[in-house]
There are 2 protein chains.
Amino acid sequence: MSRWEPNAPARLAQAAMELFAEAGYEETTVARIAERAGLTERTFFRHFADKREVLFAGSSELEALFVDTVAAAPESAGPMQAVAAALEQASGWFVDRRTFARARQAVISSHSALTERELTKMARLATALARALRERGVEEPAASLTAEAGVAVFRVAFERWTAPREKRPLGEIITEALGELRTITSE
Amino acid sequence: MSRWEPNAPARLAQAAMELFAEAGYEETTVARIAERAGLTERTFFRHFADKREVLFAGSSELEALFVDTVAAAPESAGPMQAVAAALEQASGWFVDRRTFARARQAVISSHSALTERELTKMARLATALARALRERGVEEPAASLTAEAGVAVFRVAFERWTAPREKRPLGEIITEALGELRTITSE
DNA sequence: GCACCCGATGTCAGAGACTGTCATCAACTA
DNA sequence: TAGTTGATGACAGTCTCTGACATCGGGTGC
């Protein structure tokens with residue numbers, strides 16, 4: 001038997017989500033989060049670079065999914081088609097996660113510091129996508145623009161998907177948004 | 001004669017730029033910035049919400065320029081044309097500011113906390129643009145998508161414009177990027 | 001000209017995020 | 001059995017940011 005309870009990062013992440021939802025982000029101290037997880041403040045900072053980061057542990061997983069899908073797209077696919085394929089994959093990933101996603105988005109929207117961190121994650125995603133496109137032979141600035149536009153579509157669609165009375169699946173909203181983007185830019 | 005030296009915010013902003021460039025963002029304390037400006041730390045926080053904000057004082061001015069230009073575009077102009085007009089205006093605003101812009105971008109790129117704040121400013125800009133478009137009668141999600149795509153073009157173009165050996169004017173780079181965006185999305 | 005208020009700043013104390021450093025101790029390894 | 005490793009605890013310290021109250025030159029009403 002191990003000396004400590006396993007999964008310290010996951011326990012910290014769950015404690016943080018609960019406390020942020022119960023009492024608010026500002027009002028929750030890191031010491032309090034660590035206490036609920038049965039750890040100390042110092043250990044929190046060994047697992048997460050800062051207080052905000054605890055809400056974004058899964059984002060690298062999503063990034064990998066995007067990148068891998070772009071890399072795996074058929075050679076014949078254009079850059080936007082490759083990105084569209086990645087958006088499709090992402091919508092699959094989020095199926096069955098809508099309730100959690102809504103709760104998490106509510107917490108993030110409640111404080112600008114968290115919104116700010118989410119923007120950083122989206123920017124990371126765009127950078128990673130651009131690199132994946134360049135590795136497919138797409139030149140700059142097309143690679144960066146496609147990546148940025150793709151992430152913009154994802155962000156707008158995701159926001160609608162987590163809106164209160166929205167029922168449609170994410171994939172459908174993304175497809176619609178991609179169509180809108182095409183209409184807009186052809187004007 | 002006034003009781004204090006005038007332009008406290010401007011003095012703080014200049015002191016901050018100098019110190020960040022000389023010693024680095026992390027290494028520079030707010031107390032040190034205030035000292036160079038002949039003020040106290042407490043006064044710094046009366047003028048700027050946090051340490052990062054001191055580098056982004058001018059961003060609301062740029063935002064207003066964007067919004068006003070979109071609002072002033074001819075009724076016949078489509079959403080992307082209105083945003084393109086705003087991008088044109090912005091390139092005019094930055095003429096004669098290239099050296100300063102390069103120095104500022106160098107500081108911002110040097111620390112993730114500053115990059116993060118810049119992303120927030122860009123997101124604000126996109127939100128403001130989307131609102132301006134809706135006031136022109138553009139529906140969602142077209143308004144948000146056009147705004148996001150426009151800001152993506154601006155960001156990509158601005159980054160190229162401040163790159164080391166780049167000589168072309170911002171307007172030219174923006175026009176090129178807009179063309180690229182059209183090509184990409186029509187695939 | 002005088003009493004009064006206003007607004008920008010200073011002073012001080014304190015909470016909370018984050019870091020460096022060293023100690024602890026179960027599990028593993030030679 | 002002795003030594004090493006790796007996750008954690010303990011503790012002190014720095015820095016960001018906030019609240020509360022004091023200061024005082026300049027303008028305002030009279």
Side-chain angles (χ1 to χ4, degrees), chain A residues 1-57 107-108 110-118 120-121, chain B residues 1-57 107-108 110-118 120-121:
Chain A
M1 177 177 158
S2 173
R3 185 174 175 192
W4 296 282
E5 293 295 311
N7 289 327
R11 274 154 52 214
L12 287 165
Q14 186 176 349
M17 251 301 274
E18 291 170 9
L19 288 167
F20 291 167
E22 287 168 18
Y25 172 78
E26 282 264 31
E27 292 70 23
T28 304
T29 67
V30 172
R32 187 76 192 74
I33 296 169
E35 185 192 357
R36 180 170 293 202
L39 294 164
T40 63
E41 188 183 336
R42 191 66 185 88
T43 297
F44 178 97
F45 287 110
R46 287 202 179 92
H47 289 287
F48 302 102
D50 57 44
K51 183 180 168 185
R52 310 171 196 179
E53 200 63 18
V54 70
L55 275 183
F56 298 89
V107 169
I108 291 175
S110 75
H111 203 284
S112 63
L114 295 171
T115 312
E116 204 161 27
R117 180 54 49 83
E118 178 159 60
T120 298
K121 296 302 177 182
Chain B
M1 178 178 155
S2 172
R3 187 172 174 193
W4 295 281
E5 292 295 313
N7 291 325
R11 274 154 49 213
L12 287 165
Q14 185 176 351
M17 251 301 275
E18 290 170 9
L19 287 167
F20 291 166
E22 287 168 19
Y25 172 77
E26 282 265 30
E27 292 70 23
T28 304
T29 68
V30 172
R32 188 74 192 76
I33 297 169
E35 185 193 355
R36 179 171 292 202
L39 295 163
T40 63
E41 186 183 331
R42 191 65 185 87
T43 298
F44 178 97
F45 286 110
R46 287 201 179 93
H47 290 286
F48 302 102
D50 58 43
K51 182 179 169 185
R52 310 172 197 179
E53 201 63 20
V54 70
L55 274 183
F56 298 89
V107 169
I108 290 174
S110 75
H111 203 284
S112 62
L114 295 171
T115 312
E116 203 160 30
R117 180 54 50 82
E118 179 157 61
T120 297
K121 296 302 178 182

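All chains are named by letter (A, B, ...) in the order of the sequence lines, taking the proteins before the strands, and each is independently numbered beginning at 1. Keep in mind the model is a prediction, meaning the values are calculated, not measured.
Every residue two or more places apart in sequence or in another chain was checked for a side chain to side chain donor-acceptor pair (under 3.5 Å) with B:T29, and none qualifies. Legend: residues meeting salt bridge (charged side-chain N to carboxylate O under 4.0 Å, His left out) with B:K51, ordered by chain and number and at least two apart, are absent. Under the side chain to side chain contact (heavy atoms under 4.5 Å, CB included) criterion, A:A23 pairs with A:T28, not counting sequence neighbours. Residues that satisfy the salt bridge (charged side-chain N to carboxylate O under 4.0 Å, His left out) test with A:E35, not counting sequence neighbours, are A:R32. Under the ring pair (Phe, Tyr, Trp, His ring centres under 6.0 Å) criterion, A:Y25 pairs with A:F20, A:H111, not counting sequence neighbours. Under the rule for a side chain to side chain contact (heavy atoms under 4.5 Å, CB included), A:S110 has no partner lying at least two apart in sequence or in another chain. Take B:S112 and apply the side chain to side chain contact (heavy atoms under 4.5 Å, CB included) test, not counting sequence neighbours, and it matches no residue. Residues passing the salt bridge (charged side-chain N to carboxylate O under 4.0 Å, His left out) test with A:E118: none are found, sequence neighbours excluded.
OP1 or OP2 of C:dG10 has at least one side-chain nitrogen or oxygen of B:T40 nearer than 4.0 Å. Between A:H47 and D:dA7 there is no side-chain N or O to OP1 or OP2 distance below 4.0 Å.
Of all non-hydrogen atoms in A:L114 and A:F56, the two that sit nearest each other are O-CZ, 3.6 Å.
Note that CG of A:L39 and NE2 of A:H47 are 6.5 Å apart. Values are rounded to the nearest 0.5 Å.
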Could you list the donor-acceptor pairs under 3.5 angstrom formed between side-chain atoms of residues 6-19 of chain A and any protein atom two or more places apart in sequence or on another chain?
from, atom 1, to, atom 2, distance (Å)
A:R11, NE, A:A37, O, 3.4
A:R11, NH1, A:E5, O, 3.1
A:R11, NH1, A:P6, O, 3.1
A:R11, NH2, A:A37, O, 2.7
A:Q14, NE2, A:E18, OE2, 3.1
A:E18, OE1, A:R36, NH1, 2.7

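For B:R32 and D:dC17, the CZ to P distance is 18 Å, given to the nearest whole Å. One can place CZ of B:F48 at 11 Å from P of C:dT9, the figure rounded to the nearest angstrom. Put simply, CZ on B:R11 is 11 Å from C1' on C:dT9, counting in whole angstrom units. Atom-to-atom, CD of B:E53 to P of D:dT16 comes out at 16 Å; the value is rounded to the nearest Å.
Residues of residues 13-20 of chain B that place a heavy atom closer than 4.0 Å to DNA chain D do not occur.
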Tabulated below should be each protein N or O lying under 3.5 Å from an N or O of nucleotides 21-24 of chain C; please produce it.
none

Quick test: give all pairs of protein nitrogen or oxygen and nucleotides 15-18 of chain C nitrogen or oxygen below 3.5 Å, distance rounded to 0.1 Å.
from, atom 1, to, atom 2, distance (Å)
C:dA17, OP1, A:K51, NZ, 3.2
C:dA17, OP2, A:V30, N, 3.4
C:dC18, OP2, A:K51, N, 2.7

